[in-house]
Structure formats: C-alpha cells, structure tokens
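Worksheet: one structure, shown below.
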Amino acid sequence: MELIRLCNIENNKTKESIILLKLANNYKCPYCGSNKICKNGHTGASQQFRCNACKKNYSSKTNTIFFHTRKTIELWQEYIELFSQGLSLRKIVEKMDKKISYPTSFYWRHKILEVMKNFDNHDKLEGIVEADETYFEESQKGSRHMTRKARKRGFSSEKRIVGLSHNKVCVLTALDRQKHSFNKPVGYGKVSKYQIEILQHRIEKDSILITDGERGYRTIKDVKLKQLKFGKAQSKVYHLNNINNFHSHLKKFMIRFNGVATKYLDNYVNYFREFRDKIDTFNQLLQLQGYYRVVDIKARRVGFKSGVELQQML
Ligand SMILES: [Zn+2]
C-alpha cells in the first residue's frame with residue numbers, strides 16, 4: 001500500500017535527552033492531573049516526581065510508551081519509524097540488527113497500537129455518509145485459556161455464514177466523502193440495531209446515510225436514509241463503493257498479520273485507519289505531545305461492550 005510512503009517522519013527524530021526534558025516540563029500528575037508536584041530526584045536519565053495532591057510518585061516516563069522499558073528512546077524511535085512503514089515484525093527486527101528481540105517487537109507493536117487508540121478522532125461524519133459492516137473470523141490466538149473449541153480453518157465463505165455465526169466478529173464502518181471515518185469491532189455475529197445505533201452520535205444531522213438493506217440502519221434518526229437493494233449502486237452519488245474499497249483494503253491489510261487475535265482486532269482496525277486518515281499520529285507519537293495512557297495489554301481480556309455501553313463511551 002502506498003499509504004506507507006506518506007509516513008515520512010524522518011525529520012521529527014528528537015534526541016532522548018530532549019524528549020525527557022520535554023516530559024519533565026510537562027508539569028502535571030499523570031494520575032490525578034494536579035499541578036501540585038515536586039521534583040524527587042533522578043533515576044538514570046529520567047526525572048522523578050512526587051504529587052502532593054495524590055501522594056503518588058512517578059517519573060517523566062510514566063504513562064508513556066517508554067514506561068517500564070529498559071531500552072533507549074532512540075531504539076523506540078527507530079522502531080516506530082519502521083513500524084509506521086507497515087513492515088512485518090520480522091523485517092523490523094532484521095532492520096534493527098536484532099537490537100530488539102522478536103517478542104519485544106511484538107509487545108512494542110501492541111503498546112503503540114494501544115496508545116494510538118487514544119487518537120481516535122471524534123469528528124462527526126457529514127454530507128453523504130456510507131455505512132456497512134464487515135466480518136472477521138474470531139481468533140483466540142495467543143490466549144492462554146480458550147473458551148471456545150478450536151475450529152477448523154477456512155470452512156466458511158463469508159456470505160454463507162453472515163447472519164448466523166457467532167464466531168464472526170462484526171466490524172462496523174461509516175465513511176463520509178470528506179474521508180472522515182468511523183470503524184470499530186462491535187461484537188460477535190450479525191450486527192444488531194443496538195450496535196448500529198452507535199453511529200447516531202457520529203453522524204451530523206441532516207446527512208444522507210447510504211446503506212444496504214439492513215433494517216438496523218432505520219433506527220438512526222435525523223438523517224435521510226437511502227437504502228440500496230443488495231447494496232447495488234443507484235447512481236453516481238448513491239453507492240457504497242468507498243466503503244467496499246475501505247473494507248477490501250482493511251482485509252488485505254490484515255493478511256500480513258496472519259490471523260489477528262480478536263482481542264487485538266480493535267487495535268489493528270484502528271492502526272489501519274490511522275494509515276488512511278491520520279499520518280500525523282506517528283509524528284505526535286514521536287514528539288510525545290502530552291501523556292498517553294498505556295494499559296497493560298497482557299492483562300486484557302476478550303469481550304465486547306453492549307451497544308448501550310458503547311454509546312456511553314462515545
Ligand atoms: Zn496526583
């Protein structure tokens with residue numbers, strides 16, 4: 001994909017010392033946001049702080065992707081740059097002369113994807129908006145405890161199984177013609193109207209919403225709904241071409257990861273969207289504009305929120 005070439009971040013490399021200084025000058029407690037903090041010595045190169053409000057200690061790396069890492073920030077930057085080119089983990093490790101291991105490379109990728117989630121844009125879609133769903137096989141790859149029986153691979157063609165299978169993960173997408181997008185795994189099996197309702201908050205009033213015949217879309221209010229029979233284009237304006245393209249690129253993009261574990265699907269979908277929409281993300285990552293909360297992904301469990309909970313998050 002050509003998108004990758006757009007990620008030119010060469011000029012944004014910053015020395016570790018400068019980054020740490022920048023972080024140290026970001027005088028806010030990463031836990032409670034208070035300004036009442038004082039310096040509390042150094043550990044290695046990073047400044048330690050203590051918050052007088054919540055009494056927590058932290059370092060300038062707390063809540064950044066560099067937290068709990070013994071590798072240098074320069075290595076991270078090298079990694080992020082290669083990562084932003086969409087290279088496979090193996091390639092990245094090779095290009096970095098094995099300065100990091102394969103498992104580290106895997107872990108870093110997810111740390112970065114996790115952080116990127118926070119860049120999720122909340123722009124509303126407007127004008128002519130296309131919406132549709134696509135489905136991915138469920139995968140519990142990498143999970144220690146399988147809650148479902150392993151299935152044989154490749155037994156289903158998508159069309160036959162959609163609407164029936166609970167082993168499929170539904171990814172809901174909406175795009176407008178200004179290239180704003182919404183794109184999120186919403187649950188197992190056929191899309192429900194509650195899941196579709198999430199879109200309500202993301203589509204500007206009086207937009208034209210184009211979908212296939214799926215009934216659930218009729219629950220979206222304040223839009224002019226245009227439902228195309230079998231998803232077939234009605235005119236040069238009323239079609240689902242953009243979203244079909246988006247989904248086919250998304251599927252191709254996923255192939256390189258060899259069957260994504262469902263618990264990471266959200267991250268990858270977001271990763272894909274970042275490539276398409278917001279090349280700036282990588283620049284921001286490299287320049288560390290502010291703190292990004294990083295959750296411990298190793299502890300994360302699979303599971304989707306209900307439509308109602310999802311709506312509350314938005
Ligand atoms: Zn605090």
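Numbering of residues begins at 1 and proceeds along the displayed sequence. Every number for a ligand or one of its atoms is a count from 1 in the order of the listing.
Screening the protein for N, O or S atoms under 2.8 Å from the Zn ion (ligand 1) yields 4; no waters enter the count.
Between K168 and E138, no side-chain nitrogen of the basic residue sits less than 4.0 Å from a carboxylate oxygen of the acidic one, so the salt-bridge criterion is not met. Contact check on K190 versus E214 returns a salt bridge, with a Lys/Arg side-chain nitrogen under 4.0 Å from an Asp/Glu carboxylate oxygen.
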Decide yes or no on salt bridge (charged side-chain N to carboxylate O under 4.0 Å, His left out) for E133 and K184, but give the supporting numbers first.
CA-CA 10 Å; E133 326 84 52; K184 197 175 184 54; over 6 Å; no

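The one candidate from Q234, H239, E130 that meets the side chain to side chain contact (heavy atoms under 4.5 Å, CB included) condition with K226 is Q234.
Closest approach of S105 to Y79, counting heavy atoms only: O-OH, 2.6 Å.
Remark: K193 is not positioned above the aromatic ring of Y217, lacking an NZ or CZ atom under 6.0 angstrom from the ring centre and at most 45 degrees off the axis.
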